[in-house]
Amino acid sequence: MSKWRCSVCGYVYDPVVGEPDEGIEAGTPFDNIPDDWVCPDCGADKSFFEEM
């Protein structure tokens with residue numbers, strides 16, 4: 001599974017870790033994150049994320 005980086009602030013979503021504080025379990029691929037999810041650091045929506 002690929003990591004995804006926010007092009008606004010540089011936050012990296014790692015699907016191996018997930019984002020437990022946001023309710024996203026470890027092992028969740030980026031494509032399976034709800035469309036209304038936003039970057040936990042800057043609030044940018046998923047369209048600002050780039051696959052690494």
Side-chain angles (χ1 to χ4, degrees):
M1 287 188 277
S2 299
K3 294 179 181 179
W4 290 74
R5 184 181 66 84
C6 176
S7 63
V8 175
C9 73
Y11 165 84
V12 175
Y13 173 74
D14 183 350
V16 172
V17 177
E19 189 58 52
D21 293 340
E22 301 288 320
I24 300 170
E25 296 182 18
T28 303
F30 187 77
D31 291 339
N32 290 0
I33 294 174
D35 289 336
D36 62 351
W37 181 80
V38 296
C39 176
D41 286 351
C42 73
D45 65 44
K46 283 180 67 175
S47 68
F48 288 94
F49 279 75
E50 302 167 337
E51 190 171 7
M52 297 176 64

When you compare the side chain of [Y] with that of [X], does any pair of heavy atoms fall below 4.5 Å?
{"X": "Cys39", "Y": "Tyr13", "result": "no"}
{"X": "Phe30", "Y": "Lys46", "result": "yes"}
{"X": "Cys9", "Y": "Asp41", "result": "yes"}
{"X": "Phe48", "Y": "Trp4", "result": "no"}

By side-chain contact (heavy atoms from CB on, under 4.5 Å), Pro29 pairs with (sequence neighbours left out) Met1, Asn32
Check side-chain contact (heavy atoms from CB on, under 4.5 Å) between Val12 and all other residues, then give those that pass, not counting sequence neighbours. Lys3, Arg5, Met52
Shortest non-hydrogen pair, Pro15 vs Thr28, comes out as CB-O, 3.3 Å
Taking every non-hydrogen atom, the tightest pair across Val8 and Ala44: CG2-CB, 3.9 Å
Take atom CD of Glu22 as the centre, draw a 6.0 Å sphere, and report whether it contains more than 12 heavy atoms from other residues, nucleotides or ligands.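 Yes, enclosed.
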Anything under 30° is parallel, anything over 60° is perpendicular, the rest tilted; go ahead and classify Tyr11 against Trp37.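 The arrangement is tilted - the two ring planes meet at 30° to 60°.
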